[in-house]
Amino acid sequence: MENSELDREYYIKKGFEPYAIMTASNKYKQGIEIWYPSNPVNSDNQPAVYILTNREGKLLKIGETQNLTSRFHKGYRCITNTTNDRIRQHIKDVEDIWVYILTMPIVKAKILGFQCETSYTKGLEHHLLTEYKDHWDTVPPLNVYIK
């Protein structure tokens, strides 16, 4: 693989779609705004794997969520924790972040008489992070480790 192959274009070729842009803003207490210029999915309760890139397409983070609306509208914008704070600080101090998503199916099965639902987000996130680490010998700059 060439060095540039694990950038935004690499993931777009795999099926990731534009979702949002996170920018610095004084409008909210936590200091960022999230714009949804071309939301290709109805994201309510939609599981997905996502990538965060800078304007030039450099990969900054690989992540997963069971609910896109909650993760971006509430989590990154409002909720204080180590990951969210690190992302917000990067946006405020360094650059805007572009979000690309790959939505995942919700798998339903009856197990021990219970209707269960799951998705493959954690597994795919793990494989994408491992692929990145195998190529670069590190994780993307805004990831801390491989789960």
Side-chain angles (χ1 to χ4, degrees), residues 4-109 111 114-136 138-147:
S4 63
E5 286 189 25
L6 292 179
D7 62 3
R8 173 176 46 217
E9 292 307 314
Y10 175 76
Y11 295 95
I12 288 173
K13 287 177 186 173
K14 288 187 169 292
F16 283 76
E17 299 180 77
Y19 181 68
I21 301 170
M22 298 191 286
T23 62
S25 170
N26 293 325
K27 185 176 176 181
Y28 297 101
K29 179 180 176 183
Q30 300 295 350
I32 70 163
E33 175 66 275
I34 301 178
W35 303 96
Y36 301 92
S38 62
N39 186 345
V41 297
N42 176 0
S43 61
D44 291 339
N45 198 32
Q46 180 67 50
V49 174
Y50 61 89
I51 61 165
L52 306 180
T53 74
N54 66 9
R55 177 185 297 272
E56 292 75 33
K58 178 185 176 198
L59 186 69
L60 302 173
K61 178 175 174 50
I62 298 169
E64 62 85 20
T65 182
Q66 294 302 312
N67 184 317
L68 280 168
T69 302
S70 178
R71 182 72 190 111
F72 287 93
H73 185 70
K74 296 174 186 165
Y76 278 136
R77 200 182 79 195
C78 303
I79 296 173
T80 298
N81 66 33
T82 305
T83 299
N84 295 345
D85 294 347
R86 182 174 58 256
I87 301 299
R88 283 194 292 267
Q89 202 60 51
H90 183 88
I91 293 166
K92 290 188 262 186
D93 294 347
V94 182
E95 61 196 339
D96 293 345
I97 290 179
W98 274 250
V99 181
Y100 294 81
I101 62 168
L102 181 67
T103 57
M104 303 294 291
I106 298 172
V107 179
K108 298 178 182 183
I111 302 172
F114 299 99
Q115 184 64 38
C116 300
E117 293 184 359
T118 191
S119 74
Y120 300 111
T121 58
K122 287 192 184 299
L124 182 57
E125 175 200 34
H126 175 79
H127 288 297
L128 292 174
L129 281 167
T130 300
E131 175 186 54
Y132 188 94
K133 187 171 191 315
D134 289 348
H135 184 74
W136 293 106
T138 187
V139 294
L142 295 177
N143 282 98
V144 177
Y145 57 87
I146 297 176
K147 295 178 188 174

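Values reported hereafter were calculated over all heavy atoms of this structure, with side chains retained and with hydrogens, waters and symmetry mates removed.
- Shown here are the salt bridge (Lys or Arg N to Asp or Glu O under 4.0 Å) partners of Glu9, two or more places apart in sequence or in another chain: there are none.
- In this structure, Thr65 has no side chain to side chain donor-acceptor pair (under 3.5 Å) partners at least two apart in sequence or on a different chain.
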* To do: Mind running ring-ring contact (aromatic ring centres under 6.0 Å, His included) on Phe16 and Tyr100 for me, showing each step along the way?
  => CA-CA 6 Å; Phe16 283 76; Tyr100 294 81; 8.2 Å; no
Test side chain to side chain contact (heavy atoms under 4.5 Å, CB included) applied to Arg86 and Val144, step by step = CA-CA 10 Å; Arg86 182 174 58 256; Val144 177; 3.2 Å; yes
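- One distance of note links OG of Ser119 with CD1 of Ile106; it measures 7.5 Å at 0.5 Å rounding.
- Contact detail for Ala20 and Ile34: the closest heavy-atom pair is CB-CG2, 3.7 Å.
- Contact detail for Arg8 and Asn54: the closest heavy-atom pair is NH1-O, 3.3 Å.
- To the nearest 0.5 Å, atom OG1 of residue Thr103 and atom CD of residue Gln46 are 5.0 Å apart.
- Side chain of Asn143 to backbone of Ile62: a donor-acceptor contact under 3.5 angstrom is found.
- Across every non-hydrogen atom of Pro105 and Pro47, the tightest pair is O-CG, 4.3 Å.
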Q. Going through the distances and angles, do Ile51 and Leu60 end up as a side chain to side chain contact (heavy atoms under 4.5 Å, CB included)?
A. CA-CA 7 Å; Ile51 61 165; Leu60 302 173; over 6 Å; no
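- Dense packing is recorded around CG of Asp93, with more than 12 heavy atoms of other residues, nucleotides or ligands lying under 6.0 Å away.
- Separating the NE2 atom in His126 from the CD atom in Glu64 is a distance of 12.5 Å, to the nearest 0.5 Å.
- Of the inter-residue distances, the one linking Leu142 atom CG with His90 atom NE2 reads 5.0 Å to the nearest 0.5 angstrom.
- In this view, Asn81 and Ile79, Thr83, Asn84 satisfy the side chain to side chain contact (heavy atoms under 4.5 Å, CB included) rule, not counting sequence neighbours.
- In the model, Tyr10 has a side-chain atom that pairs as donor or acceptor with a side-chain atom of Glu131 under 3.5 Å.
- For the salt bridge (Lys or Arg N to Asp or Glu O under 4.0 Å) test, residues two or more places apart in sequence or in another chain that qualify with Lys108 are Glu117.
- For Asp134, there are no side chain to side chain donor-acceptor pair (under 3.5 Å) partners at least two apart in sequence or on another chain.
- Gly31 and Lys92 get closest at one heavy-atom pair: O-CG, 3.8 Å.
- Between the OG1 atom in Thr53 and the NZ atom in Lys58 there is a gap of 11.0 Å [rounded to 0.5 Å].
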- Task: May I have the step-by-step check of side chain to side chain contact (heavy atoms under 4.5 Å, CB included) for Asp96 and Met22, ending in yes or no?
- Result: CA-CA 6 Å; Asp96 293 345; Met22 298 191 286; over 6 Å; no
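- Residues that satisfy the ring-ring contact (aromatic ring centres under 6.0 Å, His included) test with Phe72, not counting sequence neighbours, are Tyr19, Tyr50, Tyr76.
- For the residue pair Glu125 and Gly63, the shortest heavy atom distance occurs at OE2-CA, 3.4 Å.
- Listed by chain and residue number, Thr118, Tyr120 satisfy the side chain to side chain contact (heavy atoms under 4.5 Å, CB included) test with Val107 (two or more places apart in sequence, or in another chain).
- Under the salt bridge (charged side-chain N to carboxylate O under 4.0 Å, His left out) criterion, no residue pair touches residues 46-56, with sequence neighbours excluded.
- Counting all heavy atoms, side chain and backbone alike, Leu59 lies closest to Pro140 at CD2-CG, 3.9 Å.
- Here Glu33 pairs with Lys27 under the salt bridge (Lys or Arg N to Asp or Glu O under 4.0 Å) rule; sequence neighbours left out.
- Checked against salt bridge (Lys or Arg N to Asp or Glu O under 4.0 Å), Asp85 has the following partners two or more places apart in sequence or in another chain: Arg88.
- For Thr138, the side chain to side chain donor-acceptor pair (under 3.5 Å) test picks out no residue, with sequence neighbours left out.
- Taking CD1 from Ile32 and CD1 from Ile87, the interatomic distance works out to 9.0 Å, rounded to the nearest 0.5 Å.
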| request: Under the side chain to side chain contact (heavy atoms under 4.5 Å, CB included) rule, what do Ile97 and Ile21 come out as? Steps first, then yes or no, please. | output: CA-CA 6 Å; Ile97 290 179; Ile21 301 170; over 6 Å; no
